[in-house]
Protein chains: 2
Amino acid sequence: MTKRETPDIIIGRLPVYLRALRHMEAQGKGTTSSQELGEQVGISAAQIRKDLSQFGEFGKQGTGYSIAFLIGKLREILKVDRVWDVVVVGMGDMGHAIARYQGFADRGFRISQVFDSDPAKIGERIGSFVVQDTRELGTAIRKADVRIAMLCVPAAAAQQVANQLVEAGVRAILNYAPINLNVPKGVWVQYLDPTVGLQRMTYYLE
Amino acid sequence: MTKRETPDIIIGRLPVYLRALRHMEAQGKGTTSSQELGEQVGISAAQIRKDLSQFGEFGKQGTGYSIAFLIGKLREILKVDRVWDVVVVGMGDMGHAIARYQGFADRGFRISQVFDSDPAKIGERIGSFVVQDTRELGTAIRKADVRIAMLCVPAAAAQQVANQLVEAGVRAILNYAPINLNVPKGVWVQYLDPTVGLQRMTYYLE
DNA sequence: TAGATTGTTAATCGATTAACAATC
DNA sequence: TAGATTGTTAATCGATTAACAATC
């Protein structure tokens with residue numbers, strides 16, 4: 001009798017619930033219902049209740065969910081009730097934009113170091129960071145014990161840099177390069193190729 | 001007896017197949033198999049064959065698929081055998097990076113106009129574009145008959161700009177703002193919130 | 001109390017996989 | 001021909017929905 005594992009597909013929805021709940025909280029709301037949250041995120045009320053019930057009983061019959069309480073629970077479940085250090089590799093336009101992005105801070109992440117392999121960029125200041133040489137990646141990541149990286153290098157370099165990251169102990173990669181990465185078991189990758197996003201919509205356009 | 005509609009989940013995988021196939025083509029390969037493609041993208045061979053069989057018989061027993069031929073078919077299916085004009089709204093760091101990104105050209109998209117509401121930015125050159133006033137959005141989009149937009153404005157402005165876009169005839173929105181958009185039926189949205197990507201992985205980290 | 005909404009069960013629906021005849 | 005690989009069917013597996021007793 002093994003403990004039933006929570007499906008990836010449920011985990012994938014939780015950050016979206018969390019984002020919507022924090023939005024409600026910022027608007028001064030105190031409670032919500034599976035119905036209301038579902039409308040907000042485009043998911044059925046039944047499914048939201050089912051998803052949450054995987055982790056405990058967070059609501060009250062008749063009144064719904066305390067937003068603050070549910071936010072706390074989701075942050076715990078997703079392990080973003082702490083701050084994760086993240087490194088960014090590749091200081092082209094995209095890496096540059098990410099290094100200066102202010103949206104990670106209150107959602108569980110903090111960029112701690114940024115890297116590039118271009119001698120012209122190494123040593124340069126970007127946001128509050130000094131660009132380090134990609135060759136120092138392994139040492140720097142091991143020393144700081146970082147588990148998460150954002151990959152913003154050109155497609156041609158992405159797999160090789162990913163290998164270095166994994167070798168250095170990184171276990172989660174947010175990949176902006178338009179290419180599939182092959183990584184060993186125990187390493188997670190999320191893809192953010194804008195063209196894939198666009199191509200998922202054109203099928204439905206006339 | 002209605003024609004069975006192709007599930008969204010299959011459509012969602014096709015751009016990933018297409019990207020992998022073009023990568024193989026760039027490496028000079030002429031044919032591939034469902035087995036090989038599956039390993040490349042992390043999907044079972046059976047599923048790839050099943051997905052493709054929705055649209056026709058593209059392979060040959062014994063030899064597999066012609067890469068060039070399959071690329072052509074997928075481009076047709078996804079309607080990226082043409083070039084779609086895309087507008088970008090919001091010329092912060094992210095919009096800026098996108099406006100200068102060279103990766104759309106050969107994958108079916110062309111940025112045609114960029115917008116911002118900041119008087120300091122309007123009229124400025126970014127990449128090969130002159131930043132236009134967001135107030136002109138509706139007129140400009142209608143005139144150019146654009147169907148696709150990338151949304152790079154702050155979260156607080158995103159819903160309102162999305163409304164303007166839809167009103168002007170946009171039917172597909174690639175949303176970089178960390179917020180859920182409510183859009184009418186017949187309008188598609190894809191989300192690219194990096195924090196959601198990160199939060200989908202932390203659950204699995206110790 | 002009456003009304004609202006949860007958590008959960010059972011039923012339904014849909015997606016994935018395994019297997020193999022067909023055939024290049 | 002022998003080997004490889006497709007397209008497809010049937011079986012399995014998993015996810016979603018509907019419905020409702022429990023209860024705030």
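Throughout, protein chains are lettered first and strands after them, A, B, ... in sequence-line order, and every chain is numbered starting at 1.
Checking D:dG7, C:dT8, C:dT17 against every side-chain atom of A:E57, the shortest atom distance belongs to C:dT8. When distances are taken from the side chain of B:A46 to each of D:dC24, D:dA15, C:dT17, the shortest belongs to C:dT17. For A:S44, taking side-chain heavy atoms from C-beta onward, the closest of the listed nucleotides D:dT16, D:dT17, C:dG7 is D:dT17.
When rounded to the nearest whole Å, the span between CD1 of A:I9 and C1' of D:dT16 equals 10 Å. The CG atom of B:D51 sits 15 Å away from the C1' atom of D:dT6 (whole-angstrom rounding). The distance between atom CD1 of A:I48 and atom P of C:dT8, rounded to the nearest whole Å, is 16 Å. For the pair B:I10 CD1 and D:dT8 C1', the interatomic distance rounds to 14 Å; values are reported in whole Å. Rounded to whole Å, atom P of D:dT6 lies 16 Å from atom NZ of B:K50. Atom P of nucleotide C:dT6 and atom CG of A:L37 are separated by 10 Å, given to the nearest angstrom. Separating the CD atom of B:Q54 from the P atom of D:dT6 is a distance of 17 Å, rounded to the nearest angstrom. In this structure, B:E36 atom CD and D:dT6 atom P are separated by 10 Å, rounded to whole Å.
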B:Y191 and B:L174: side chain to side chain contact (heavy atoms under 4.5 Å, CB included), yes or no, with the steps?
-> CA-CA 6 Å; B:Y191 295 89; B:L174 191 69; over 6 Å; no
Derivation of the side chain to side chain contact (heavy atoms under 4.5 Å, CB included) call for B:R171 and B:V166:
CA-CA 6 Å; B:R171 292 294 169 263; B:V166 171; 3.9 Å; yes
| task | List the steps, then state whether side chain to side chain contact (heavy atoms under 4.5 Å, CB included) holds for B:V16 with A:R200. | result | CA-CA 10 Å; B:V16 177; A:R200 282 177 176 160; 3.9 Å; yes
Pairs under 3.5 Å (N/O, protein and nucleotides 20-22 of chain D):
none

For DNA chain D, the expected dot-bracket line (Watson-Crick or G-U under 3.5 Å, [ ] crossing, | inter-strand) is ..||||||||||||||||||||||
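At D:dT6, one or more side-chain N or O atoms of B:S34 fall inside 4.0 Å of OP1 or OP2 (strictly under the cut-off).
Side-chain contact check for A:E39 and A:Q35: at least one donor-acceptor pair (N or O, by modelled atom type) lies under 3.5 Å.
Near DNA chain C, defined here as any heavy-atom distance below 4.0 Å, the residues from residues 63-72 of chain A are A:T63, A:G64, A:Y65, listed numerically.
The pair A:R22-A:D106 meets the salt-bridge criterion, with a side-chain N (NZ, NE, NH1 or NH2) lying under 4.0 Å from an Asp/Glu carboxylate O.
Under the side chain to side chain contact (heavy atoms under 4.5 Å, CB included) test applied with B:L52, the options B:I10, B:I77, B:L70 reduce to a single match, B:L70.
Counting heavy atoms from C-beta outward, A:W84 and B:T202 have side chains that approach closer than 4.5 Å.
Position along DNA chain D of the nearest nucleotide to A:G62 versus A:D8 favours A:D8 as the more 5'-ward residue.
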